[in-house]
Amino acid sequence: MSPINITTSAAANRAAATSNADPLASGATAFKVDSPHVRYGDGAIESDYLYDTTIVSRDYETGQLKAKPTKVHYQFRTKTSVGRVGLMLVGWGGNNGSTVTAAILANKQGISWETRKGTQEPNYFGSVMMASTVKLGVDENLRDVYVPFNEVVPMAHPNDIVIGGWDINSLNIGEAMRRAQVLPVDLQRRVYDELKQLKPLPSVYYPDFIAANQEERANNVMGGTKQEQLEQLRKNIRDFKQTNGLDRVIVMWTANTERYADIIAGVNDTADNLLQAIAGGHAEVSPSTLFAVASILEGAPFVNGSPQNTLVPGAIELAERERSFVGGDDFKSGQTKIKSVLAEFLVNAGIKPLAITSYNHLGNNDGRNLSAPAQFRSKEISKSSVVDDMVGSNNLLYKKGEHPDHTIVIKYVPSVGDSKRAMDEYVSEIFMGGLNTISIYNTCEDSLLASPLIIDLFMVTELMTRVSYRVRTDVDAAEPQWQPFHSVLSILSYMLKAPVVAPNTPVVNALAKQRMAMENIMRAFVGLPPNNEMLLEHKAFH
Ligand SMILES: NC(=O)c1ccc[n+]([C@@H]2O[C@H](COP(=O)([O-])OP(=O)(O)OC[C@H]3O[C@@H](n4cnc5c(N)ncnc54)[C@H](O)[C@@H]3O)[C@@H](O)[C@H]2O)c1
Ligand SMILES: O=P([O-])([O-])O[C@@H]1[C@@H](O)[C@H](O)[C@@H](O)[C@H](O)[C@@H]1O
């Protein structure tokens with residue numbers, strides 16, 4: 001019984017109208033939920049949602065665990081109008097920044113290009129929002145019906161994003177695309193003239209935070225004190241928004257990996273201390289944290305695509321106080337993405353990884369920056385923490401505090417360029433003391449894998465700026481206030497190696513859990529129950 005894919009293109013709709021194709025296979029764009037608990041009002045979708053969870057407690061007399069099914073009544077309101085949205089990239093002239101800009105232009109203008117295999121059309125493959133589907137439900141014949149992920153709730157379309165940003169290097173984006181050596185030459189040729197008009201704004205450069213080998217790029221640098229730089233960055237964001245007539249701007253760090261900043265009491269441990277440290281020009285405030293503070297103060301969501309600890313405690317507290325959104329860290333694009341699948345599979349299969357050895361070499365500027373110990377250390381941390389939740393979930397395999405050996409090696413080999421070569425070995429203990437070894441060789445085209453994540457991070461972050469919620473109880477004295485989600489957008493974790501979460505909440509790295517959370521939260525916004533794949537319809541006698 002083949003599943004049905006709802007296609008929403010006009011052509012597909014015309015084809016369905018004139019053929020005896022399955023009426024469900026080409027429906028109108030998006031879908032409407034038929035429920036008394038979902039209201040499609042003017043400008044917003046409101047849903048009443050019973051959140052089912054299970055509270056576990058221990059009976060201290062008997063020692064027995066008790067599991068109590070619990071329902072929490074949420075109400076969600078999702079504004080349906082996206083408006084005009086902008087993305088300001090920090091590190092715009094880098095491999096990721098220039099690649100994602102060129103790709104959006106090609107998609108927006110329908111620019112195809114010639115390859116030795118024929119004509120290649122632009123696409124958004126690798127974007128979970130733009131190129132993956134979710135199961136909406138089943139039809140009357142119990143056939144699965146799938147819709148594009150980006151049609152579960154109204155979302156921004158990448159073709160409509162207005163892009164700008166900063167770089168410490170002055171190269172225009174056309175030249176930066178050429179320097180990156182990522183995209184096919186024929187495509188580069190077709191988009192170059194438009195991209196060369198795009199010039200990064202001068203940025204903040206503190207040599208101490210990135211590798212010394214990056215100094216030769218730093219010819220587009222902002223002067224002044226840290227406070228003056230903060231004000232300039234804030235002005236940049238305001239000007240970009242006003243000049244382009246934008247309703248919302250999202251700032252995303254795709255600049256070089258910085259060293260970790262020391263967390264110092266009285267400097268970056270609280271919001272006020274961080275603001276004072278900036279005013280006082282404290283050396284331990286990094287460029288990325290300055291961008292985060294500027295974004296927070298301008299109400300522009302800030303997402304960190306690199307592994308350093310940009311979101312120091314003071315930045316988190318400031319975001320909470322300003323009710324501004326932040327997210328991070330480190331795009332989860334290749335080697336680590338696979339690890340967050342494989343490690344979960346092994347542990348959930350009752351197989352005990354003993355050693356995970358991850359090596360890769362790459363030859364792009366990111367790799368050159370990572371060849372410096374302090375910058376590598378930031379990446380090593382983000383790449384190493386990805387199995388912690390899976391290991392912690394299974395005390396049958398791992399005693400408390402026990403971990404697999406986990407080694408990360410990254411080498412800079414200029415000749416491979418952006419085409420990173422990753423080699424992994426997973427050695428696991430299996431039945432009766434046996435050993436299983438899985439070896440993987442993975443050519444990760446770094447920027448072609450990271451660019452779609454920039455799009456997904458933008459789309460989900462933008463969605464969350466339009467969502468508010470409230471919790472209802474049976475004894476509400478008055479209508480509770482609608483409020484935004486917590487400032488730290490842990491819903492972004494699927495796209496990130498080291499998800500930043502709200503203080504004192506759990507970090508989830510397992511990729512399947514992360515996708516399930518994002519899908520089911522978005523389903524809840526339109527009043528749909530979680531997908532549970534029980535398929536009882538197919539397991540019961542009819
Ligand atoms: N697959 C991937 O490409 C991938 C995956 C995960 C994380 N990342 C991270 O994304 C970031 C970008 O990767 P990339 O391949 O585009 O690197 P890149 O070196 O090509 O680009 C980084 C850009 O940032 C600029 N820059 C450095 N410091 C800056 C500052 N303070 N302000 C503004 N611009 C600054 C540099 O001039 C450069 O143009 C890196 O931190 C990398 O670790 C990349
Ligand atoms: O995402 P992933 O492939 O596990 O990790 C990658 C690193 O291994 C690589 O060295 C670097 O190029 C990228 O910044 C990326 O972070």
Side-chain angles (χ1 to χ4, degrees), residues 88-100 126 165-171 173 175-177 179-182 200-207 209-211 213-222 229 233 251-258 286-291 304-308 310 328-340 358-371 375-376 378-380 382-384 386 408-413 416-424 442-454 495-498:
M88 295 189 83
L89 293 170
V90 190
W92 192 15
N95 283 23
N96 290 348
S98 58
T99 299
V100 72
W166 302 263
D167 203 294
I168 58 173
N169 181 262
S170 61
L171 223 50
I173 301 305
E175 287 301 322
M177 169 186 66
R179 173 178 62 188
Q181 300 180 359
V182 171
L201 293 164
S203 187
V204 172
Y205 173 57
Y206 307 149
F209 279 91
I210 57 177
N213 61 36
Q214 298 298 309
E215 189 162 4
E216 63 201 34
R217 283 173 83 111
N219 64 1
N220 193 35
V221 176
M222 200 187 286
Q229 291 168 345
L233 293 179
V251 178
M252 198 172 302
W253 178 276
T254 184
N256 284 127
T257 293
E258 297 173 332
S286 67
S288 61
T289 296
L290 205 70
F291 272 96
N304 177 26
S306 294
Q308 70 278 348
T310 300
D329 295 321
D330 208 5
F331 305 127
K332 184 160 71 174
S333 56
Q335 192 174 41
T336 304
K337 198 165 200 168
I338 289 180
K339 188 175 293 179
S340 65
S358 297
Y359 162 93
N360 77 62
H361 62 262
L362 71 165
N364 54 22
N365 188 59
D366 176 30
R368 188 161 186 253
N369 180 63
L370 291 172
S371 67
Q375 286 63 41
F376 164 73
S378 296
K379 189 65 75 170
E380 184 181 37
S382 71
K383 287 174 70 76
S384 303
V386 73
I408 305 292
V409 178
I410 297 176
K411 293 298 179 190
Y412 175 53
V413 179
V416 300
D418 202 73
S419 179
K420 182 185 68 214
R421 310 308 159 89
M423 283 158 254
D424 290 82
N442 178 6
T443 301
C444 310
E445 301 296 337
D446 256 2
S447 299
L448 295 179
L449 289 174
S451 296
L453 300 183
I454 290 174
M495 287 75 81
L496 297 161
K497 287 199 201 57

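Numbering of ligands and ligand atoms starts at 1, following listing order. Position 1 is the first residue of the sequence, and the numbers go up from there.
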### Task
Drop me the distance from N364's CG to Y412's OH, to the nearest 0.5 angstrom.
8.0 Å

### Query
With respect to E380, which candidate in S378, S382, S384 satisfies the side chain to side chain contact (heavy atoms under 4.5 Å, CB included) definition?
S384

### Query
Any nitrogen or oxygen of N169, main chain or side chain, under 3.5 Å from a nitrogen or oxygen of ligand 1?
no

### Message
Is S333 close enough to touch ligand 2? Criterion: a residue heavy atom under 4.0 Å from a ligand atom.
### Response
yes

### Query
Is there side-chain contact between I210 and I168, with at least one heavy-atom pair below 4.5 Å?
yes

### Query
Out of D167, I210, N304, who gets a non-hydrogen atom closest to atom 37 (O) of ligand 1?
D167

### Message
Polar contacts were defined as any N/O atom of the residue lying under 3.5 Å from an N/O atom of the ligand; does this apply to A255 and ligand 1?
### Response
yes

### Query
Between N364 and ligand 2, is there a nitrogen or oxygen pair with a distance under 3.5 Å?
no

### Options S451, G305, A176, S447, ranked by nearest heavy atom to atom 9 (C) of ligand 1, top entry
G305

#### Entry: Atoms of ligand 1, numbered as shown, that sit under 4.0 Å from any heavy atom of N365
19 (O)

### Query
P287 heavy atoms, cut-off 4.0 Å: which ligand 1 atoms fall inside?
31 (N)

### Message
I'd like to check whether K379 has a polar contact with ligand 1, where a contact means an N/O of the residue lying under 3.5 Å from an N/O of the ligand.
### Response
yes

